[in-house]
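Both backbone and side-chain heavy atoms feed into the values below; hydrogens, waters and symmetry mates do not.
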Amino acid sequence: MLAAQLGLSLILLAVCSFAPGFIAVRRLPWNPLEKLCGSIGLSLVVLYLACFGAYCFAPGYLTLVCRAFAAASVLLAVLVWNDIRRLVRSYGARQALAGYVFLLAWALAMLSMIRNYSGALWVGDWAEHFQRTLFFLHRFPIRGPIVGDYKLPARPPMMNVLGAFFLAQTADRYEIFQLVFAFLNLLLLLPCCLMLRALVKQRSSRVLPLVALFAMNPMLMENATYAWTKELTAFFVVLALWLYLAGLRKNDGVRIVAAFLALAAGLLVHYSAGPYIAFLALHYLIRVFPKRPHRLREVAVIVCACGLLLATWFGWSIAVYGIHDTFASNTSVTAGSQYQGSALVKIAGNLLDTAVPAIFRDPDAASMFDQPNAAGKLRDNFFAIYQTNLIFGMGLIGGPFALWLFYRAMRRPAAGREHRFWLYLAPFVVVAGIAVVGERDNIGVAHLTLIAIEALGVTLIAASFPWRRWTAVFLIAGCVVDFSLGVFVQARVESFDNTPQRTVFEGFNLIGNDLQLGAMGPDSLSAAAWRNWHMKNQEAQDNQWLRRDRQLPQNSPVVQRYANLFEQDLKSNAQDWQGWYARSGGAMTFLGDHLDWPSPGSWNAPSVVMLLLFAGLLGVLWKQSMRFAPAEAGKPTAARKPSVRKR
């Protein structure tokens, strides 16, 4: 049953995320890859409007509306099948789609390993977004708390509404939710394929290096598999940047309007799109608006289109929650109000900590993630470097190389407005993206707002292919290290769970007059990892302790006190999740839970599949790099042969 549901979900994801928008985009004078990305972006907006509209105005028919819209999408795809075939046959779109399919298979192999999300101090976001998705799917109580004691307006709803749309087609299972969010997050690859040409100004660009860098980048793969919303935001941001630059280059108002509409959609996915919106709005008003032939009409269209899209969420939230909860419950506001120090000191500190990993600034930082499990400690220390650092988030070797490429490009004499655009964009977004973070975090905050910039940095590395021979050697060696320490080890540690032979996560024990965790064993992971594990198994753990409670002395006030606490927890859980845990066996079931894991760290099919995919990808990348890399400076490469004109 699950395999059929996953298969149907995958088919509907492919059709519904493309066909509705393609109907409108297919006649535009755009290149095939632009049409592909534009169709996906517009389709996701249309799906959001359909599902959120059903939630607001036809709550009892949401599932029916979603299924009817999915059927209509399939019908539209059939009607324009010949146009779709022509699009897919084009070289650029075909290469990008092939790369995306590989990345999706890669991510599914990772998800088949994962049984418990964990990493450094990250806790609960994966469960929060699942609860938000169920909120729209099953119409949870408006005032009910969200995981982490958030209010619903603390996060924008678009990706959760999209998740509800696809879960409505099959079942509200967490495994399907994982597939949906991985599919949507990996869409970031497609506009990055578009950006390859914009970053190097060459007629042909190769997708293979970009796919390889994506697959072996710990930051990008963690954000694709962690089941949260930031990479889909980056998809809309990168797509908007391409459309904006292409619109200026071709004097095309449609592309410029579409760019701002994509940014508005990105803001509805995650508020981290805010700094990019601010930059593009300022750039347009200062550098572009005075020279546009029909500037007032264009601005009116941009304001109306973006305003109407944003009003679907903000208008509803203000009507239901009020202005204060709508705009003040965001974590940037709440964390900022709790911070007691100087705002400038906080921003400067976060800038430094995001640029320089904690372990380089403080040798004692390595003890921050001490735990009995050696693999867990290794994973957490590198996790903190890869996920929260701006430079090494692009790779241990790739990050510094991307900075060097950007520095070299900026040193050249200005080659037009696009050169100045990138020169202004990068520092503005980095500073503004860190400035809007409310909390002070000495580990770094790149993961909050800078994923799009990091993805563009990875794209810049791929765009510089073919690399010179020694550059290729260092970059590929860096990819091996990144994969080993940031991708594979991360998935392996997330595969750890309790077995009859080994205990990774301790249960509750009554020790004296208090309820405590049992003593940590040699295989135990960190407290943050335990919190994620308990959140996954919360109701099952509560029921297990209550069953144990019946075997303890019933006249003990300590036993009664904790029994009452667990019973109250179960009641609150049943109300906040509307009985979902009880219907699902008391725990969330991950894709990795369906495989046989005899002991933590054991080898199994997904591990072998990942290593085989890695070996194949690395071999192809090495072969291509050595084939096209010039042996010495000044020699033309096979990819850039001097042209000979016939006279």
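- Nearest heavy-atom pair, Phe135 versus Pro141, reported as atom, atom and distance to 0.1 Å: CE1-O, 3.4 Å.
- Taking CZ of Phe57 as the start and CG of Leu62 as the end, the distance is 13.0 Å to the nearest 0.5 Å.
- Remark: Arg155 fails to qualify as a cation-pi partner of Tyr271 under the 6.0 Å distance and 45° angle criteria applied to the six-membered ring.
- At most 12 heavy atoms of other shown residues, nucleotides or ligands fall within 6.0 angstrom of atom CZ in Arg85.
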Using side chain to side chain donor-acceptor pair (under 3.5 Å), reason through Glu128 and Trp228 one step at a time and then give a plain yes or no. CA-CA 9 Å; Glu128 175 195 349; Trp228 62 357; over 6 Å; no
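- In terms of heavy atoms, Arg292 sits closest to Asp252 at NH2-C, 4.2 Å.
- What you find for Phe236 and Ala262 is that their closest heavy atoms are CB-O, 3.4 Å.
- Ring pair Phe590/Tyr117: centre-to-centre distance below 6.0 Å.
- Between atom CG of residue Leu189 and atom CD of residue Glu231 there is a gap of 10.0 Å, rounded to the nearest 0.5 Å.
- Cation-pi geometry between Arg173 and Trp580 is not satisfied (NZ or CZ under 6.0 Å from the ring centre, within 45° of the ring normal).
- A donor and an acceptor atom, one from each side chain of Tyr48 and Thr312, are located under 3.5 Å apart.
- Counted by atom type alone, Glu222 and Gln387 present zero donor-acceptor pairs between their side chains at under 3.5 Å.
- Side chains of Thr449 and Ser272: no donor on one and acceptor on the other come within 3.5 Å.
- With no hydrogens or angles considered, a side-chain donor-acceptor pair links Trp126 and Asn532 at under 3.5 Å.
- In this structure, the separation between OH on Tyr276 and OG1 on Thr233 is 10.0 Å, given to the nearest 0.5 Å.
- Nearest approach of Tyr174 to Thr589, heavy atoms of both residues: CB-O, 3.6 Å.
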Verdict with reasoning, Glu494 to Arg115, per side chain to side chain contact (heavy atoms under 4.5 Å, CB included): CA-CA 6 Å; Glu494 288 184 313; Arg115 298 191 69 183; over 6 Å; no
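- For Arg297, the CZ atom is loosely surrounded, since the number of other residues' heavy atoms within 6.0 Å does not exceed 12.
- Asn217 and Val458 make their closest contact through ND2-CG2, 3.9 Å (heavy atoms, listed as atom of the first residue, atom of the second, distance).
- The environment of Phe327 atom CZ is dense: over 12 non-hydrogen atoms of other residues, nucleotides or ligands sit within 6.0 angstrom.
- Looking at Thr133 and Met159, their side chains never come closer than 4.5 Å, going by heavy atoms from C-beta outward.
- Between His283 and Tyr244, the distance from one ring center to the other falls under 6.0 angstrom.
- Val15 approaches Ala77 most closely through the heavy-atom pair CG1-CB, 4.1 Å.
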Assess the residue pair Tyr284 and Glu298 against the criterion (side chain to side chain donor-acceptor pair (under 3.5 Å)); give the C-alpha distance rounded to whole Å, side-chain angles, the decisive distance to 0.1 Å, and a yes or no. CA-CA 11 Å; Tyr284 178 81; Glu298 189 171 82; 2.5 Å; yes
